[in-house]
Number of protein chains: 2
Amino acid sequence: MALRHAILAALTNGDASGYDLAKAFDITVANYWSATPQQLYRELDKMLEAGLVVARTVEQEKRPNKRMYSLTEEGTAALHRFTTSDPKPIAIRDELLVQVEAMERGDLDAVRTHIQQKLAASETKLKRYEKTREHLLEGRSEASYLANERSIGSYLTLARGITFETENIRWCEFVLTTLAARESRNAADRTDPGHTLAPRSNVHRGQPRGER
Amino acid sequence: MALRHAILAALTNGDASGYDLAKAFDITVANYWSATPQQLYRELDKMLEAGLVVARTVEQEKRPNKRMYSLTEEGTAALHRFTTSDPKPIAIRDELLVQVEAMERGDLDAVRTHIQQKLAASETKLKRYEKTREHLLEGRSEASYLANERSIGSYLTLARGITFETENIRWCEFVLTTLAARESRNAADRTDPGHTLAPRSNVHRGQPRGER
DNA sequence: ATATTCATGTAACAAGTTACATGATTAG
DNA sequence: CTAATCATGTAACTTGTTACATGAATAT
């Protein structure tokens with residue numbers, strides 16, 4: 001029942017086809033909700049039956065027909081009710097972190113590679129988010145946008161996604177630096193056992209804790 | 001099959017009962033993997049059958065008996081293999097963010113309350129993480145711990161959890177401040193229509209972007 | 001007195017994942 | 001000419017969630 005509300009929320013930004021939603025769930029929505037296209041198609045069918053959305057088929061030349069879904073009054077009401085209910089705590093599933101937890105019993109080089117890949121993926125994602133942000137702002141400052149824009153929900157969730165990916169990138173760099181330092185220490189130990197590296201980072205690179 | 005690896009990883013930090021794991025999954029592991037106690041009990045049974053863990057019953061006075069699970073060689077090997085496989089991208093499900101996305105079509109006051117509750121919950125969680133961190137460090141500096149400690153996987157995942165909750169707190173404060181500013185602007189509009197607030201925040205309070 | 005902690009489990013149901021299928025169009 | 005995009009769907013299977021059940025001990 002929770003995917004349902006994520007879909008309803010996505011549809012407040014305009015009508016969409018299942019395919020459109022799949023893209024959105026891959027891009028912006030991915031910050032806070034994951035779903036595969038199959039889940040979306042199945043859920044949209046159920047939502048149709050429940051009267052939360054209506055569908056119209058749009059005939060396209062040169063493209064397969066598509067079904068565009070719109071919120072109904074019932075759908076809008078269901079969404080309103082949802083904002084009233086206590087949200088469940090966040091659920092995260094991150095295999096990379098499981099691998100890092102098990103790093104020492106596993107294949108360190110493989111994990112390092114996975115972290116490098118995550119770093120690259122996060123950088124790509126962050127760039128896309130920044131573009132979306134520029135697009136929303138249309139040249140205005142954040143302050144002016146937030147003060148004057150009618151609807152700021154999407155901007156606020158995007159802002160969370162931006163800091164999330166920024167921190168992912170930092171963390172990946174922090175881990176890679178730490179592992180590299182341990183490697184070179186081990187190399188040094190083998191040739192020059194008296195040597196140790198100078199201290200390097202404190203609490204994950206300038207993380208501004210204790211500021212609040 | 002992925003919960004399985006999270007359990008195996010958790011067991012590298014020592015033998016545990018289902019109940020112990022449930023606590024761990026509620027505290028530290030929660031940063032990167034969610035599972036209910038029921039899932040754990042069920043999965044542990046399957047892992048026993050598969051020979052990835054062994055169980056012994058510990059008879060306790062004044063407490064119900066418990067089953068303590070330990071990694072077998074097969075379990076350790078399975079975990080090693082897992083670190084070799086490409087991790088699936090992170091999956092997040094956050095109802096609060098869905099509510100924020102739908103804020104304007106929903107009950108703004110209710111959403112504000114939910115954000116305040118999240119803020120409080122994140123502060124509690126962060127304090128617990130910081131305690132765990134102090135406990136791991138045992139008075140050493142982070143640099144010295146990371147350079148010398150045999151196993152640093154747990155510290156690294158904890159570090160990610162700490163920044164995650166730190167950013168959650170910031171984001172909640174940012175949203176609450178933004179909403180308050182909009183409220184007072186609306187109030188001012190009703191009594192003193194010429195007035196606007198001075199600009200307030202830029203990109204989510206001093207987020208250090210563009211630094212990399 | 002009452003709530004929380006300790007400790008495990010069953011059963012029913014809801015949700016998520018994976019594999020497969022189709023088929024035209026356009027970008028590189 | 002190959003890969004990606006557009007666009008939807010079925011079916012089988014694996015996971016995750018929720019409700020219920022038990023029952024003593026300890027902390028408030």
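All chains are named by letter (A, B, ...) in the order of the sequence lines, taking the proteins before the strands, and each is independently numbered beginning at 1. If you're wondering where the values come from, they're calculated on a predicted model, not measured in any experiment.
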Does D:dG9 have its OP1 or OP2 closer than 4.0 Å to a side-chain nitrogen or oxygen of A:Tyr41? no
Heavy-atom closest contact (B:Met68 atom, B:Ser17 atom, distance): SD-N, 3.6 Å
The contact string for nucleotides 22-28 of chain C, one letter per nucleotide 5' to 3', using protein heavy atoms under 4.0 Å with B, S and - for base, sugar-phosphate only and none, comes out as -B-SS--
Polar-atom pairs under 3.5 Å, protein N or O versus N or O of nucleotides 11-16 of chain D: list them with distances, or write none.
unit_1: D:dT15; atom_1: OP1; unit_2: B:Met1; atom_2: N; d: 2.2
unit_1: D:dT15; atom_1: O5'; unit_2: B:Met1; atom_2: N; d: 3.3
unit_1: D:dG16; atom_1: OP1; unit_2: A:Arg93; atom_2: NE; d: 3.4
unit_1: D:dG16; atom_1: OP2; unit_2: B:Gln39; atom_2: NE2; d: 2.7
unit_1: D:dG16; atom_1: O5'; unit_2: B:Gln39; atom_2: NE2; d: 3.0
unit_1: D:dG16; atom_1: N7; unit_2: B:Arg42; atom_2: NH2; d: 2.6
unit_1: D:dG16; atom_1: O6; unit_2: B:Arg42; atom_2: NH1; d: 3.4

Quick check: do A:Lys125 and A:Asn168 have side-chain heavy atoms less than 4.5 Å from each other? no
pair A:Arg4-A:Lys46: side-chain heavy atoms closer than 4.5 Å: yes
Side chain to side chain donor-acceptor pair (under 3.5 Å) partner of B:Tyr32, chosen from A:Arg93, A:Gln99, A:Glu95, A:Glu101: A:Glu101
If I compare all heavy atoms of A:Asn31 with all of B:Ile92, which pair ends up nearest, and what's the gap? O-CD1, 3.5 Å
Round to a whole Å and report the spacing from CG of A:Leu44 to P of D:dA7. 15 Å
B:Asp20 CG to C:dA7 P, straight-line distance once rounded to whole Å: 7 Å
Backbone of A:Ala120 reached by a side-chain donor or acceptor of A:Glu123 within 3.5 Å: no
Presence of salt bridge, B:Asp15 and B:Arg56, under 4.0 angstrom: yes
In whole Å, what is the span from the CG atom of A:Asp26 to the P atom of C:dT17? 13 Å
Over 60° means perpendicular and under 30° means parallel, so tell me whether A:Tyr155 and A:Tyr145 are parallel, tilted or perpendicular. tilted
